[in-house]
Structure formats: C-alpha cells, structure tokens
There are 2 protein chains.
Amino acid sequence: MKTHPINTILQGDCIETMSSLPTGSVDLIFADPPYNLMLGGELHRPDNSRVDGVQDAWDRFESPESYVAFTNAWLKEARRVLKDDGTLWVIGSYHNIFRVGAALQDMGFWVLNDIVWRKSNPMPNFRGTRFTNAHETLIWCAKSPDARYTFNYEAMKTLNEGVQMRSDWTLPLCTGAERLKDEEGSKVHATQKPESLLYRVILSSTKAGDVVLDPFLGSGTTAAVAKRLGRRWIGIERETRYIEAATRRIDAVEPVRDVALLQAPAKRSEPRIPFGSFVEQGVLEPGTILCDASKRYTARVRADGTLLAVTARGQHSGSIHQVGAAVQGAPSCNGWTFWYLDRPDGRVPIDALRQQARAEMAHHA
Amino acid sequence: MKTHPINTILQGDCIETMSSLPTGSVDLIFADPPYNLMLGGELHRPDNSRVDGVQDAWDRFESPESYVAFTNAWLKEARRVLKDDGTLWVIGSYHNIFRVGAALQDMGFWVLNDIVWRKSNPMPNFRGTRFTNAHETLIWCAKSPDARYTFNYEAMKTLNEGVQMRSDWTLPLCTGAERLKDEEGSKVHATQKPESLLYRVILSSTKAGDVVLDPFLGSGTTAAVAKRLGRRWIGIERETRYIEAATRRIDAVEPVRDVALLQAPAKRSEPRIPFGSFVEQGVLEPGTILCDASKRYTARVRADGTLLAVTARGQHSGSIHQVGAAVQGAPSCNGWTFWYLDRPDGRVPIDALRQQARAEMAHHA
DNA sequence: CTAAAGACTGAATCCACGG
DNA sequence: GCCGTGGATTCAGTCTTTA
C-alpha cells in the first residue's frame with residue numbers, strides 16, 4: 001500500500017515520485033514546472049554585463065514535442081494524486097503556458113481562473129525590441145466542472161480592501177533578504193518565487209490542515225508558506241543542493257500560532273436559523289406585518305413561520321424568500337434582507353433577529 | 001491571379017475569404033475569434049437583473065476538437081496571407097487562449113509577447129465563486145524567430161510617459177458613446193473591443209500605409225482605428241448587420257494628420273495598496289499587535305489583513321478602518337493613521353508602511 | 001438650472017445542502 | 001443520482017430621473 005508522507009521533501013523525479021503517492025490524497029497542487037525557455041545565446045545589458053538567465057539543465061528539452069510529452073506525464077500523475085474536489089495551480093510564461101493550459105484542458109481539468117502576476121519591478125527589455133515582459137500567468141483549475149472546490153472568497157475580499165480580488169495580482173519579485181543565496185552570495189535557484197504569491201494561492205484555495213503538494217519544489221517557497229499558514233505539505237525535488245537549501249529554509253519557519261486567528265469565517269459557514277423559530281419562541285407574534293425597504297410590499301407572518309402577501313398579481317404564500325421573490329416578480333430573493341420589521345426603535349431588517357440569535361449562540365458556545 | 005482589395009469589408013466566411021487573398025500580402029493581422037465560452041444557464045446580479053451574456057450562434061462549437069480544428073484552419077490561412085516580416089495578434093480569454101496559443105506555436109509562429117489587457121471596470125463575479133475575471137490576453141507573434149518585424153519602441157515609450165511599455169495594459173471596457181447601438185438602443189455586437197486597445201496594437205506594430213487585416217471584423221474597431229492612424233485595412237465579416245454598422249462607423253472616421261498628436265488614454269484605476277498586502281508580503285506577521293496612539297486599544301493582525309480587537313464592549317473584527325471605529329465607538333475611522341506599530345526604531349503609524357510602498361512603486365514605475 | 005439619487009450595463013464557463 | 005429550497009452575492013462607470 002502506498003504510504004502518505006507528510007511535511008517532507010521527497011527526492012527524485014517528479015513523475016516517478018508522484019506515482020508513489022496514494023490516489024486522491026492531496027487538496028492542492030502548486031506546480032512551477034520548467035518553462036522551456038529555449039534561450040538562444042547569452043543576453044547582455046547595455047553596459048555589456050551578462051544577464052544571469054536560466055541556463056540550467058532542467059530547463060532544456062529536445063523539442064516542443066518532448067516538452068508536451070513531459071507536461072502530459074506530470075499532469076496525469078498530478079490528476080491522479082489530487083482529490084476530486086482539490087485544485088491545481090500551474091505557473092508559467094508565454095514560452096510554455098499555452099501548451100500547459102491546452103494539455104490540462106484536454107485532460108479534463110476545468111479552468112477556474114487564469115491569474116496574472118503583474119510584477120511591480122520586472123526586468124526591463126534591454127534591447128527595446130518588444131514590450132517589457134512584466135508578468136507571468138497562473139492557471140487555477142479543478143478536476144471537473146462540477147467539483148466543489150475551496151475558495152475563500154471573504155478572505156480574498158478583505159485582503160483586497162473590501163472589494164473582490166481580481167484576476168490580476170500586482171506583487172514584487174523575490175529579491176533582498178527573501179532570496180536564498182549560497183556562500184558566495186549568488187542566488188541558489190534561478191526562478192525562486194516570492195512568498196507573497198504563494199500566500200495568496202494557498203490562502204485562497206485551501207483550508208487550515210489541508211495537504212499541499214509541490215512537485216517542483218525548488219527553493220521551497222510553497223512548503224515554507226504552507227507551513228507558515230498551518231497547512232501540511234509535500235515537496236518533490238530532484239537536486240540535492242535545492243533540497244538542502246529548502247530544508248534549512250522551511251525549518252526556520254514559525255507557523256502562525258492561533259489557527260482560528262488566521263482568517264475571518266465566511267458567512268456561508270454560519271449556522272442556519274429557520275425564520276419560523278422566532279414565531280415559535282414568541283419573538284414574533286403570528287399576524288405581525290412585515291414590509292420591504294421601499295414600503296411597496298407588505299406581508300403577514302403566519303403561525304408556521306410562512307408569510308402571506310396580497311398584491312395586484314394575486315395572493316402569495318410561502319417562505320420569506322419565496323414570498324419576497326413572488327411579490328417582486330423576481331427569480332429569487334433573500335428574505336432576511338428584503339423584509340423589514342417595525343420596532344419601537346425604528347425599522348430593521350428581519351436579518352437583525354438572526355444576527356442577534358447567532359451572537360447569543362456564539363456567546364453560549 | 002488573386003486581386004488585392006483594400007479599405008473594404010469582404011462578406012463571407014473568414015477562412016474561405018482569406019483564401020481568396022494573395023500570399024504574403026498583409027503587414028498585420030488582428031484576430032478576435034470566437035472564445036467558445038460555453039456558458040451554462042442564466043446568471044443574475046444580486047439585484048436580480050439578468051446578465052446579458054454572449055449567446056450568439058457564432059460562439060457555439062460542437063466540441064473542443066471542432067474548436068481546435070477551426071483554430072488551425074484560420075491560423076493556417078492567416079499565416080499564408082501574412083508577409084514574412086508581418087506579425088499576428090490574437091485576443092482571447094482562458095476559455096480559448098491556451099488552445100489558440102498552442103496551435104500557433106505548433107504552426108511555427110514565434111511569440112514575441114503575451115499582453116494582458118487589464119480591465120479597469122470589469123464585470124464582477126456576482127456569486128463570489130472565483131476571482132473576478134478582470135483581464136483578457138493578447139498574443140503577439142511573428143512568422144519565425146528571425147523575422148524582422150516592426151516594433152515602434154519609441155512611440156510606445158512615449159505613450160507610456162517616458163518609460164518602456166509593459167506587457168500589461170490597463171484600459172477601460174468599450175462603453176458609453178463609443179459602443180455601437182441599434183435603433184432600440186441595444187448593443188449591436190456582444191463583444192465590441194475598445195478603440196484604445198487597437199490604438200496600441202496598430203501603433204506599436206505597423207508603419208503608416210501598412211495593410212491591416214481583421215478576419216473577424218465584427219463591429220469594425222480594427223478598421224476604424226487603422227483608418228484613423230493612416231493605415232490601409234481589409235475586414236472580413238459574415239453577418240450583414242455587423243457589416244452595415246461597421247461601414248457607417250468607418251465612413252465617419254477622419255484620419256489624423258499628425259499621429260504624434262495622439263495622446264495616451266488616461267491611466268485609470270491603478271492598483272491600490274491594501275493593508276493585507278503587507279501581511280501577504282511578510283512585512284507584517286499574522287498575529288502582530290497594533291495599538292492606537294494613546295495605547296488605549298490594541299488589535300491583532302490576521303492572515304487575511306483584517307484586525308481582531310477585544311474590548312469591554314465585545315469582540316470586533318474587520319478592516320483596519322472598521323475595527324478602529326468600533327473600538328472607539330466612532331462612526332468612522334482612518335485606520336492608516338489610527339493604528340501604530342512598535343518597531344525597533346520606535347512606534348510608527350501603519351501609514352508609514354503605505355508611504356514606503358508608494359515610494360517604491362513610484363521608483364520602479 | 002444643478003445636484004443627488006436611481007437605473008442600467010459589461011466575452012461569465014457564477015450555489016449548497018438535505019431528502 | 002435528481003429535485004426542491006434556503007439564502008448568499010456586485011464594481012466602475014454612464015445615463016436617466018428626481019429633488
């Protein structure tokens with residue numbers, strides 16, 4: 001039986017090593033595969049200094065076909081290891097992202113978003129022959145169109161000052177103290193990703209305790225951020241020098257202590273309270289009149305917690321939601337926020353009753 | 001012998017019609033093919049209004065395979081018609097752009113840039129299920145790696161206030177007076193592109209007098225901008241109603257005398273700096289304690305950039321502004337100046353972080 | 001007349017759970 | 001698996017109507 005290692009780096013080829021992991025065992029995969037840059041000769045700045053680009057053997061492929069074969073192979077194993085409701089992130093540039101995206105769509109993955117990492121401090125185009133290549137692309141996808149994936153909508157919205165997080169993220173490159181250096185002061189890994197990028201990836205699409213797999217761990221950014229955010233992790237890496245640097249780095253990470261403190265709870269996860277319970281408990285008398293914000297519609301509360309409304313279009317009865325939708329002629333309605341109640345201290349939405357009940361439940365818990 | 005029509009709209013299927021054009025005869029192709037969105041049922045806004053999505057027959061394909069076949073067919077003709085030193089632009093979204101990009105790379109096209117059109121006013125994600133889809137992607141490519149293509153580096157730099165034009169362009173959607181409407185006031189074309197986008201495309205990669213071909217002309221944006229910029233143009237379109245609207249539109253265009261007089265569209269809605277970004281980028285650890293100037297109140301920073309404060313009046317969580325207001329019992333509060341941070345070099349308002357980040361952004365810009 | 005408030009709109013793969 | 005129901009969910013802008 002396949003064992004399930006956790007919080008460790010597995011040394012080896014990413015495809016072989018993934019094949020040793022159990023089927024449907026990880027919640028999230030973040031993959032930063034070789035980009036297959038196919039750089040020609042060396043690149044020099046206007047002052048003739050040499051640009052230290054990606055020259056490593058791991059980025060060399062014989063042909064476009066062999067890159068596609070490699071992509072299909074690792075994606076296939078990733079798909080097997082991923083839970084049915086898990087999601088996959090892949091990062092790339094125009095050199096490889098189209099082939100990767102087409103391959104994963106052909107394999108049945110369902111794209112949820114393509115995300116643009118807009119670099120606030122990209123390397124300029126020294127020759128002035130193209131637009132400054134100032135971004136990279138991430139693809140976020142589920143295993144199927146009907147998968148129930150994790151998306152921490154509220155956390156992303158608050159992280160973005162109260163408006164929805166968009167598909168373009170402006171973040172700086174990994175530089176300065178965050179960038180791993182060897183004894184001689186040169187960078188350990190050519191393509192180390194910034195922790196801020198992984199922070200957003202992991203915070204948006206996993207829950208605390210989830211298992212995050214990175215099949216191309218490199219300098220260990222994914223594992224470091226997963227550990228910091230109270231997620232479990234598995235890394236796969238071939239080269240010993242990267243493993244050594246990543247291990248030191250991950251060991252030094254302190255997880256955030258209070259997991260409950262990590263993020264505000266989503267509204268969707270709050271306990272459900274039936275409207276009828278307020279009638280049942282005597283908070284509302286049967287016969288109480290409700291109205292909408294504009295006072296165009298009124299409805300009467302019945303003993304079983306349903307409403308009764310009479311309009312020009314006829315008589316409507318049913319739940320607070322059904323009657324709210326019916327009187328407006330709308331396809332749906334949130335009755336909690338649509339209906340109001342006259343109280344001595346003013347008109348309040350009936351949602352105020354629910355909020356109060358929830359606050360009392362939290363107090364007793 | 002094949003004739004070379006110019007400054008006209010050719011009615012017909014794009015592949016057949018392109019095949020009637022001479023080989024190696026156009027300098028630039030801009031293509032806005034169907035995205036094959038595959039939308040499900042109806043979508044409503046929270047106010048219950050219905051979203052008027054793309055449901056035209058031209059966007060429906062039998063299968064992913066038939067979309068790929070269609071893509072290969074039109075790309076092949078486009079490649080033939082294009083001069084050896086000409087370039088091709090294609091716009092798309094995550095629904096189709098990966099398949100398109102892979103197809104054109106397989107065909108030998110050489111990608112020069114992928115360009116992100118960052119929409120300053122995208123439609124939100126109404127259900128809170130994904131990141132707001134706030135961009136589209138353009139691929140710019142030459143016929144071969146050694147092609148001597150046109151790139152007006154200086155014009156782009158000037159258009160971008162003296163710094164190199166990046167691969168991400170922030171531009172608004174096509175709305176208001178620019179959007180073509182029919183007699184009943186509804187939009188003529190579901191996916192009319194803004195002229196500002198085509199300005200950049202045509203100005204960056206053609207010379208005056210060059211021939212610009214758009215095989216999916218639609219509402220005629222490409223032809224209108226080409227004419228305005230003193231380029232020649234050919235449009236291909238199948239549907240009579242689009243041709244009629246585009247013809248009126250193009251006829252009304254006055255070519256500019258002096259292209260240098262064209263001014264850059266105002267930059268709108270540059271990224272703001274959310275408080276959460278400092279947590280994300282590791283400037284602040286989750287769990288960090290903030291306090292106000294008088295040290296009466298303290299709050300704890302959470303991983304999503306919200307604060308959590310406990311006072312005699314209860315527990316408060318939310319943005320730096322909301323929690324600042326709540327602990328004081330005030331109606332509002334500027335959290336940037338209210339909350340302070342203890343640093344080795346003394347206590348500073350958190351606004352110092354923001355000022356520093358803005359200074360760095362200005363430096364990089 | 002101006003100013004404020006309300007209506008309308010955009011290439012959208014847009015719900016979750018219990019019976 | 002399907003079906004019914006609860007109830008959660010929007011940003012930047014333009015244009016129209018009201019005060």
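For clarity, every value in this text was computed on a predicted model and none was experimentally measured. Each chain gets a letter, A, B and so on, in the order its sequence line appears, and its residues count up from 1.
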From the options [options], select the nucleotide whose nearest atom is closest to the side chain of [X].
{"X": "B/Tyr35", "options": "D/dG6, C/dA11, D/dT9", "value": "C/dA11"}
{"X": "A/Arg272", "options": "D/dG6, C/dT9, C/dC14", "value": "D/dG6"}
{"X": "B/Pro124", "options": "C/dT13, D/dT10, D/dG6", "value": "D/dT10"}
{"X": "B/Lys187", "options": "C/dA12, D/dG7, C/dG10", "value": "C/dG10"}
{"X": "B/Asn125", "options": "C/dC14, C/dA11, C/dT13", "value": "C/dC14"}
{"X": "B/Leu37", "options": "C/dG10, C/dA12, C/dA11", "value": "C/dA11"}
{"X": "A/Arg358", "options": "C/dA11, D/dA8, D/dG6", "value": "D/dA8"}
{"X": "B/Arg127", "options": "D/dA8, D/dC11, C/dA12", "value": "D/dA8"}
{"X": "A/Arg148", "options": "C/dA11, D/dT10, C/dA16", "value": "C/dA16"}

- Item | Between A/His321 and A/Ser319: side-chain donor-acceptor atoms closer than 3.5 Å | no
- Compute whether any side-chain donor of one residue and acceptor of the other, for B/Ser49 and B/Arg45, lie under 3.5 angstrom apart.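 Yes - a donor-acceptor pair under 3.5 Å links their side chains.
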- Query: Taking the side chain as C-beta and beyond, is there a heavy-atom pair between A/Thr137 and A/Ile91 under 4.5 Å?
  - Reply: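 With C-beta onward as the side chain, the pair stays apart.
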- Message: Under 4.0 Å, counting only non-hydrogen atoms across every strand here, what does A/Glu154 touch: a base, just sugar-phosphate, or nothing?
- Response: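 Sugar-phosphate, no base atom in range.
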- Message: For B/Trp169, does the six-membered ring have the charged nitrogen or CZ of B/Arg200 within the cation-pi criterion, i.e. under 6.0 angstrom from the centroid and within 45° of the normal?
- Response: yes
- Does NZ or CZ of A/Arg79 fall inside the cone over A/Phe109's six-membered ring, less than 6.0 Å from its centre and within 45° of the axis? yes
- Note on the structure: Note, DNA chain D 5' to 3' with Watson-Crick or G-U pairs under 3.5 Å encoded as ( ), [ ], | and . gives .|||||....|||||||||
- Would you mind reading off the distance between A/Lys157 atom NZ and D/dT9 atom C1', rounded to a whole angstrom?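 Atom-to-atom, A/Lys157 to D/dT9, this comes out as 8 Å.
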- Message: Aromatic contact between B/Trp58 and B/His189, with the criterion being ring centroids under 6.0 Å apart: yes or no?
- Response: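 Between B/Trp58 and B/His189, the centre distance is under 6.0 Å.
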